[in-house]
Novice: 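This is the structure, below, for whatever I ask next.
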Amino acid sequence: MKAPINWLKKYVDIDLGNIDDLVHKLTLAGTEVGSVHRQGNWEGVVVGEVLEVSKHPNADRLNLVLVNDRGNQVKVVCGANNLYEKQKIAFAPVGSKLYSPKTSRMEELKKTKIRGEVSNGMICSALELGLGDDHDGIMDLNNDLRVGQDLKEIYNDVIIDLELTPNRPDCLGMYGIAREIAAITGNPLKENIYTNKIKKSNKLNDNLSVEIIDSDLCPRYMGVVISDLKIEESPEWLKNALISIGENPINNIVDITNYVMFELGQPLHAFDYEKVKNNKIQVRRAKKNETLVTLEGTKRDLDTTMLVIADSASPMAVAGIKGGMESGISESTNSIVLESACFEGGNNRNTASKLDLKSQATLRFEKNLKPELCEVAFYRAIDMILEICGGKVSSEIEDEGGPWKDNTNLAISESRINSVLGMNSNLDIDGIFTRLGFTYKKDKNGDTSWTVDAPYWRPDLNIPEDLIEEIARIEGYDSIPAKPLSGVIPEFKENPILDFYEDLKDILVSAGFNEVINYSADSYQNIKSVCPSIKDSEMIKILNPMSREVEYMKPTLKSGLIKSLNFNLRNSSEDIRLFELGTSFIRSKNGELPIQKKLLTCGIIGRLEKTLWESGREIDIYDAIGLIGSLFNALRIDYEISPMKDPIFNQDKSFKIIADKNEVGVFGEISKSVLNNFEIKNQKLILIEIDAEKLFSKFIPKGEIKFTPISKYPVSNRDISFDISNNVTVNLIIETFNENPLVLESQVIDIYKDESIGLDTKSVTVRITYGSFEKTLSGNEIDQCEKSILNSLKNKIDFQIRS
Amino acid sequence: MLEKLKKLQKQANLGLKSCNSRSELNNWKIKYLGRKSELSLILKDIKNLDPNMKKEVGMLGNKLRLDLEGIYDAHLEGLELGKSDQSSSLDYFLPGREEKIGKLHPVTQTLREIKKAFSSLGFQIAEGPEIEWDKYNFDMLNIPEDHPARDMWDTMWIDEKMNDNGEKMLLRTHTSPVQARIMESQEPPIRVIVPGKCYRYEATDSTHEWHFYQVEGLAVDKNLTFSDLKGTLYEFSKKMFGSDTKIRFRCDYFPFVEPGVDMSIFWEGKWLEILGAGMVHPKVFEKAGYTDANISGFAFGMGPERIAMIKHDIDDIRLFYSNDLRFLNQF
């Protein structure tokens with residue numbers, strides 16, 4: 001909401017030299033000032049006069065203008081199409097300075113040649129001077145202005161832009177803002193705008209009847225006929241007032257209704273009286289299939305929830321949102337019906353959103369303006385119309401609706417104020433209420449209490465706590481003491497799964513993986529690509545997504561991780577290792593909230609390039625197997641991996657992870673068709689996805705771990721090499737060794753393939769760690785043990801021992 | 001003779017310095033300490049000296065021998081050590097054998113800082129669903145349908161129509177619904193913070209993302225006051241931004257609190273909004289089924305991205321979800 005200080009000064013004294021202080025006070029008290037714009041960001045711009053306009057000889061769209069610049073005749077090239085002779089203009093002569101948004105600096109105007117013609121200055125638009133958004137033509141100044149006058153004498157306003165919260169419709173009018181300024185500065189409100197000097201003509205020639213049919217949506221409707229008026233341009237001051245807040249003047253009646261809305265916050269409407277059939281106004285819900293062509297010429301289909309203002313035949317306006325074209329004010333109008341009404345906020349808001357018509361009227365009505373306000377604005381507008389447009393009141397004043405709940409009495413006691421704010425000091429509550437313009441009764445018996453009659457301009461005051469906020473904000477939040485949090489610290493309820501998730505992240509980080517956080521949504525195509533088995537009915541579509549790229553909530557984190565891996569590969573010379581711990585979404589069948597599970601997804605792409613210490617290599621599935629081993633080891637969870645089929649992985653490189661007989665995750669090498677979908681070429685991509693919640697169910701919390709004693713005796717390591725068939729998996733050897741109680745650990749330390757041992761054979765070297773809790777094992781004992789293990793292994797597989 | 005010994009000492013010391021290998025050192029040993037070395041010959045010949053000289057040369061000669069043996073041992077040790085890490089040719093500017101360590105996302109890091117700050121004030125951590133019912137996201141927080149305050153949260157919807165319970169699914173626009181869920185299921189006292197993802201239908205630019213994190217906080221107990229709220233948030237800000245941080249509270253509006261607060265910190269010459277807060281609105285208590293009139297509380301909410309942006313001079317919120325390692329690796 002733009003608020004020009006010159007306008008506000010009509011109602012309250014403002015020190016122009018100390019705007020910063022005002023801005024600060026307004027902001028602290030809840031009305032944040034977003035920006036302050038000072039007019040006059042130019043040097044040397046003056047009022048000029050157009051003497052002659054002719055076409056530019058070399059350019060169709062340009063004019064040659066002869067301008068009276070402080071008594072001298074100068075030639076200027078100008079592209080505007082609203083030039084006319086004797087027009088007063090804002091003229092920037094050669095040597096003057098204008099603010100350039102391009103360079104963010106004041107730039108001096110120089111003599112230029114445009115298409116072969118010399119231009120000695122510039123005729124300015126409102127935009128070029130920072131006086132408005134209008135760049136369609138040059139500024140058409142008031143003809144009474146003196147040629148040569150410094151434009152700064154005319155435009156010297158300061159405009160503050162308020163970022164209003166939705167609870168304060170009173171500040172959607174200058175008078176309300178002035179009232180707020182009065183309250184926070186202590187300066188009194190000046191002008192009494194409630195005087196009503198209505199002169200009714202003796203003979204009331206015109207009839208008007210108003211009927212509120214749907215009173216639930218319209219608590220009050222006031223209307224009157226004003227006749228014999230003249231529709232013309234508004235006076236200069238009125239036009240300037242509207243221009244200063246960025247509104248376009250239209251004609252005197254429309255401008256007055258707009259002005260009063262921006263002054264008092266109450267939207268008004270005027271109908272052409274001649275167009276109101278049977279002089280009858282009905283406030284009712286639209287009927288089935290009714291339509292209305294609104295002011296800007298669009299045909300609107302109305303539905304039966306929408307409130308309209310109709311005459312005896314058809315709708316003339318969508319109530320409190322937009323007027324109809326047919327009944328609108330035109331140059332030939334000579335009598336009008338002025339409407340000032342109160343409409344129910346929720347319905348008004350819904351209708352506006354259905355029709356996609358967020359007007360200035362809706363911005364106010366949706367906040368449930370009070371019925372008393374429309375009366376104030378009604379008389380204010382009548383006064384202005386009679387003064388500016390002439391004419392006379394020619395009907396009875398119709399005032400329908402009610403009785404509405406007249407006022408809201410809110411009671412608050414001193415002890416309650418102190419107990420909410422946490423202070424014991426004696427605040428000047430009377431003074432605060434008075435400054436805010438509240439009327440109240442005070443009861444000094446015992447605990448002092450106040451009963452405040454919430455004023456009509458503050459529909460946001462509904463409960464006693466609302467008054468406490470008023471007191472606190474006028475007193476200033478900074479004057480309320482801060483103290484350490486008191487009370488009992490709640491009993492500690494552990495949420496171990498949240499800690500577990502953080503542990504997972506730490507483990508992955510220590511394993512060399514970077515954490516990423518992707519959008520929770522992805523495109524249909526990408527999700528289908530990494531999750532081909534999901535049914536459309538299980539997917540969660542966002543009705544109003546930001547774009548098709550993020551239209552569906554992700555049932556897996558794979559697609560996001562693949563994109564992140566590929567993205568980073570472009571900027572890196574190394575392999576990329578990333579993980580994400582995030583939520584997946586799958587629609588549940590019973591209409592409940594979706595299944596929202598936490599997944600841990602890890603991925604690797606790229607090549608391990610040769611370094612000083614390592615020779616380079618391709619990444620492969622063993623990177624995943626190794627990571628899983630490290631992760632599960634760190635978590636102390638036993639697991640197995642086993643092959644499975646999943647079309648997103650390459651057929652022989654697709655596995656599931658099993659812990660305690662449950663599948664807790666999958667991993668593999670992403671298949672070519674999936675890589676193609678993400679436009680990844682010539683790269684291997686390894687992906688692991690683990691159900692973090694399931695994993696947690698297999699996790700033994702630290703608190704439950706029991707210590708296993710450590711053997712006092714030294715261990716012995718022995719390496720044995722087995723020649724076995726390529727088809728035999730090493731786990732058979734490892735498991736057989738591990739079955740023996742004297743084997744503490746066994747692991748594969750080398751695999752060797754060579755023509756000399758046959759192409760279908762591999763040589764596997766296993767390192768076995770022997771040890772006992774009872775004694776140091778002798779070489780003989782170990783030999784015996786080894787012999788018996790090899791014997792039982794012989795029953796399982798064929799092998800040769802290499803010496 | 002004494003001069004000779006002194007000269008010998010100088011020569012031996014000098015000679016040792018240029019010994020860079022074992023063989024050189026061995027030669028040196030033979031030359032200065034060997035059986036046929038000058039020193040040995042002098043000591044052998046001592047008996048032929050006159051008695052005065054005998055004593056002096058003997059003492060000096062033997063001391064020199066011990067010294068030379070000492071520096072020989074030391075030099076040998078130095079050579080041995082040097083050999084194991086190629087002392088003279090060690091280039092410690094070469095990359096070491098690196099163990100790669102990853103990094104947590106800056107949002108995770110900031111969330112951990114926030115959690116830590118509030119944990120020390122007795123706050124626990126809770127989470128809630130990201131796809132949520134409108135009842136929790138709006139209605140129970142005193143934001144009825146048709147209310148203009150709903151414009152403060154441009155919502156992304158999952159359901160077009162209400163279900164049989166009159167509820168509609170949406171992407172939560174803030175973590176505040178968890179407030180309502182906690183109060184529905186738990187009696188006071190409550191001190192909890194709720195980190196999590198939120199979503200708003202909002203065009204993205206350098207300060208807006210449609211997808212972001214929020215940390216909601218709630219404290220409910222008997223007789224909690226605005227002063228408690230201020231004290232708690234003061235404490236938090238000091239932990240988060242440094243103990244001399246200047247803090248400002250101003251009036252603001254959120255439908256689920258009254259009075260409503262906006263807290264700013266003074267950072268590099270400017271007041272920057274950090275969080276919204278306020279005393280829990282009586283309607284929120286009413287909807288949660290808290291009827292005890294002595295129960296009061298406060299709530300607050302903040303964006304970890306914004307806090308990280310302020311602390312680390314990040315000028316574009318979109319960097320957080322671009323997942324560019326050149327960004328992520330800086331934290």
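Residue numbers begin at 1 in each chain, while the letters A, B, ... track the order of the sequences. Values below: every heavy atom of this structure, side chains too, minus hydrogens, waters and symmetry copies.
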Novice: Please classify the contact of Trp133(B) with chain A as side chain, backbone, both or neither, using a heavy-atom distance under 4.5 Å.
Specialist: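 Contact with chain A: backbone and side chain both.
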Novice: Between Tyr213(B) and Tyr321(B), how do the two ring planes meet: parallel, tilted or perpendicular, split at 30° and 60°?
Specialist: parallel
Novice: Assess whether atom NZ of Lys358(A) is packed by more than 12 heavy atoms of other residues, nucleotides or ligands within 6.0 Å.
Specialist: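 More than 12 heavy atoms, drawn from other residues, nucleotides or ligands, come within 6.0 Å of this atom.
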Novice: Please look at Val261(B) and chain A and tell me whether the side chain, the backbone, both or neither of the residue comes under 4.5 angstrom of a heavy atom of that chain.
Specialist: both
Novice: Could you name each residue pair satisfying salt bridge (charged side-chain N to carboxylate O under 4.0 Å, His left out) that touches residues 460-470 of chain A, not counting sequence neighbours?
Specialist: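 Sorted pair list: Arg416(A)-Glu465(A), Arg458(A)-Asp460(A), Arg458(A)-Glu470(A), Glu470(A)-Arg473(A).
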Novice: Name the region of Arg112(B), side chain, backbone, both or neither, that has any atom closer than 4.5 Å to a heavy atom of chain A.
Specialist: side chain
Novice: With a 4.5 angstrom heavy-atom cut-off, which part of Met156(B) approaches chain A: side chain, backbone, both or neither?
Specialist: both
Novice: So, using salt bridge (Lys or Arg N to Asp or Glu O under 4.0 Å) as the criterion, who are the partners of Arg181(B) when residues are at least two apart?
Specialist: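 Scan of Arg181(B) (salt bridge (Lys or Arg N to Asp or Glu O under 4.0 Å), adjacent residues dropped) gives Glu132(B).
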Novice: With a 4.5 angstrom heavy-atom cut-off, which part of Lys598(A) approaches chain B: side chain, backbone, both or neither?
Specialist: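 Side chain only.
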Novice: Counting only non-hydrogen atoms closer than 4.5 Å, does Asp151(B) touch chain A with its backbone (N, CA, C, O), its side chain (CB onward), both, or neither?
Specialist: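 Answer is both: backbone and side chain atoms of Asp151(B) are under 4.5 Å from chain A.
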Novice: Would Asp228(B) and Lys230(B) pass as an ion pair if we require N to O under 4.0 Å?
Specialist: no
Novice: Does any heavy atom of chain A fall under 4.5 Å from the side chain of Leu233(B), the backbone, both, or neither of them?
Specialist: neither
Novice: Give a yes or no on whether Lys116(B) atom NZ has more than 12 heavy-atom contacts from other residues, nucleotides or ligands under 6.0 Å away.
Specialist: no
Novice: Against chain A, label Leu328(B) side chain, backbone, both or neither, depending on which of its atoms sit under 4.5 Å from a heavy atom there.
Specialist: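 The answer is the side chain of Leu328(B).
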Novice: Which region of Arg150(B), side chain (C-beta onward) or backbone (N, CA, C, O), has a non-hydrogen atom less than 4.5 Å from a non-hydrogen atom of chain A, or is it both or neither?
Specialist: both
Novice: Check each atom of Glu163(A) against the heavy atoms of chain B and say whether the ones under 4.5 Å are side chain, backbone, both or neither.
Specialist: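 Contact with chain B involves no heavy atom of Glu163(A) at all.
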Novice: In terms of relative ring orientation, are Phe300(B) and Phe118(B) parallel, tilted or perpendicular, with 30° and 60° separating the classes?
Specialist: parallel
Novice: Using heavy-atom distances under 4.5 Å, tell me whether Glu235(B) contacts chain A through its side chain, its backbone, both, or neither.
Specialist: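 Interface part for Glu235(B): neither.
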Novice: Please state whether the side chain, the backbone, both or neither of Asp159(B) comes within less than 4.5 Å of a heavy atom of chain A.
Specialist: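 For Asp159(B), backbone and side chain are both near chain A.
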